Amino acid sequence: MDTNFYEQVYEIARLIPKGRVTSYGAIAKSLGAAKSSRMVGHAMLYAGSAYPKVPAHRVVNSSGLLTGKFHFKPPELMEKLLRKEGVEVNNDKVVNFKKVFWNPLEEINLD
DNA sequence: TGAATGACTCGTC
DNA sequence: CGACGAGCCATTC
């Protein structure tokens, strides 16, 4: 896919450190398209087809809710993976979201 | 080409 | 604090 937009999303998503999560808006913002947060979510759908695979489970909405968990093969996989990486998840939402939140804008350098 | 859709976000009630 | 509505943008039919 020459959809560079998605590629950028994957790039950011892949940069998400283990045990950390980020929001669609944050990724979109890092791409310079803060308003295209929805596209980030759509890109995540392609994540399964993308390679290397993208840790879509580390991407949640601005509230830390696992909005896209139902899109996983087993909807519970997302939460499972996050917990496995050390991210506490309760009621489909990330616990201490602010603490585990990973801001791409601060980590990524456009140098 | 116009209309519909979505793993979002924000402001109001 | 929870529910509702409108805005935004790229992709698809």
Side-chain angles (χ1 to χ4, degrees):
Chain A
M1 282 273 224
D2 54 88
T3 47
N4 202 283
F5 192 95
Y6 287 171
E7 291 245 340
Q8 302 244 30
V9 178
Y10 302 147
E11 209 174 322
I12 307 288
R14 278 181 287 197
L15 291 173
I16 303 174
K18 178 182 161 190
R20 289 270 146 54
V21 297
T22 190
S23 64
Y24 303 96
I27 295 176
K29 212 177 220 180
S30 62
L31 299 180
K35 296 149 187 156
S36 304
S37 45
R38 295 175 131 159
M39 304 300 94
V40 178
H42 261 212
M44 294 284 94
L45 281 173
Y46 285 70
S49 303
Y51 188 84
K53 201 170 167 279
V54 181
H57 61 272
R58 292 183 190 153
V59 186
V60 297
N61 74 345
S62 61
S63 302
L65 286 168
L66 311 186
T67 51
K69 69 175 288 183
F70 297 104
H71 288 256
F72 280 76
K73 295 164 245 138
E76 55 203 70
L77 180 63
M78 187 174 187
E79 179 179 329
K80 193 183 253 179
L81 287 170
L82 287 173
R83 286 188 173 180
K84 211 159 153 190
E85 302 198 340
V87 179
E88 297 179 71
V89 180
N90 194 322
N91 197 352
D92 297 346
K93 90 176 161 225
V94 177
V95 182
N96 299 325
F97 178 57
K98 305 187 330 186
K99 295 188 178 185
V100 299
F101 179 71
W102 179 78
N103 191 339
L105 289 172
E106 306 224 332
E107 296 292 327
I108 296 170
N109 236 337
L110 296 178
D111 222 352

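The model shown is predicted, which means the values in this text are computed figures rather than measured ones. Just so it is clear: chains get the letters A, B, ... in the order the sequence lines come, proteins before strands, and each one is counted from 1.
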Measure from the side-chain N and O atoms of [X] to the backbone N and O of [Y], and report whether any donor-acceptor pair falls under 3.5 Å.
X: A:N91; Y: A:K93; value: no
X: A:R58; Y: A:R20; value: no
X: A:T22; Y: A:W102; value: yes
X: A:Y10; Y: A:A43; value: yes

Under 4.0 Å, heavy atom to any atom of DNA chain B: which of residues 68-78 of chain A qualify?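 Only A:G68, A:H71, A:F72 qualify.
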Check each residue of residues 14-26 of chain A for a non-hydrogen atom within less than 4.0 Å of any atom in DNA chain B, then write out the ones that pass by number, or none.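 Within residues 14-26 of chain A, the residues near DNA chain B are A:S23, A:Y24, A:G25.
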Non-hydrogen atoms of [X] and [Y] that approach each other most closely:
X: A:F5; Y: A:S36; answer: CZ-CB, 3.8 Å
X: A:A13; Y: A:V54; answer: CB-CG1, 3.1 Å
X: A:G68; Y: A:M78; answer: C-SD, 4.0 Å

Nearest-nucleotide comparison on DNA chain C, the residue closer to the 5′ end among A:S37 and A:H42: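 Between the two, 5'-proximity favours A:S37.
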Between [N] atom [atom2] and [X] atom [atom1], what is the distance in whole Å?
X: A:Y6; N: B:dG6; atom1: OH; atom2: P; value: 13 Å
X: A:L31; N: C:dC8; atom1: CG; atom2: C1'; value: 15 Å
X: A:M44; N: B:dG6; atom1: CE; atom2: P; value: 18 Å
X: A:Q8; N: C:dC9; atom1: CD; atom2: C1'; value: 15 Å
X: A:I12; N: B:dC8; atom1: CD1; atom2: P; value: 19 Å
X: A:K35; N: B:dG11; atom1: NZ; atom2: C1'; value: 16 Å
X: A:E79; N: B:dA7; atom1: CD; atom2: P; value: 19 Å
X: A:I27; N: C:dC9; atom1: CD1; atom2: P; value: 18 Å

Any side-chain N or O of A:S36 below 4.0 angstrom from OP1/OP2 of B:dC8?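 Result: no.
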Are OP1 or OP2 of B:dT9 and a side-chain N or O of A:S62 less than 4.0 angstrom apart?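 For B:dT9, OP1 or OP2 has a side-chain N or O of A:S62 closer than 4.0 Å.
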May I ask you to say what A:A56 touches in the nucleic acid, namely base, sugar-phosphate or nothing, with a heavy-atom cut-off under 4.0 Å?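 Counting heavy atoms under 4.0 Å across all strands, the contact made by A:A56 includes a base.
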Give, for atom CE of A:M44 and atom OG1 of A:T67, the distance between the pair rounded to the nearest 0.5 Å.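 With rounding to 0.5 Å, CE (A:M44) is 11.0 Å from OG1 (A:T67).
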Hey, what do you get for NE2 (A:H57) to CD1 (A:I16), rounding to the nearest 0.5 Å?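 Answer rounded to 0.5 Å: 8.5 Å.
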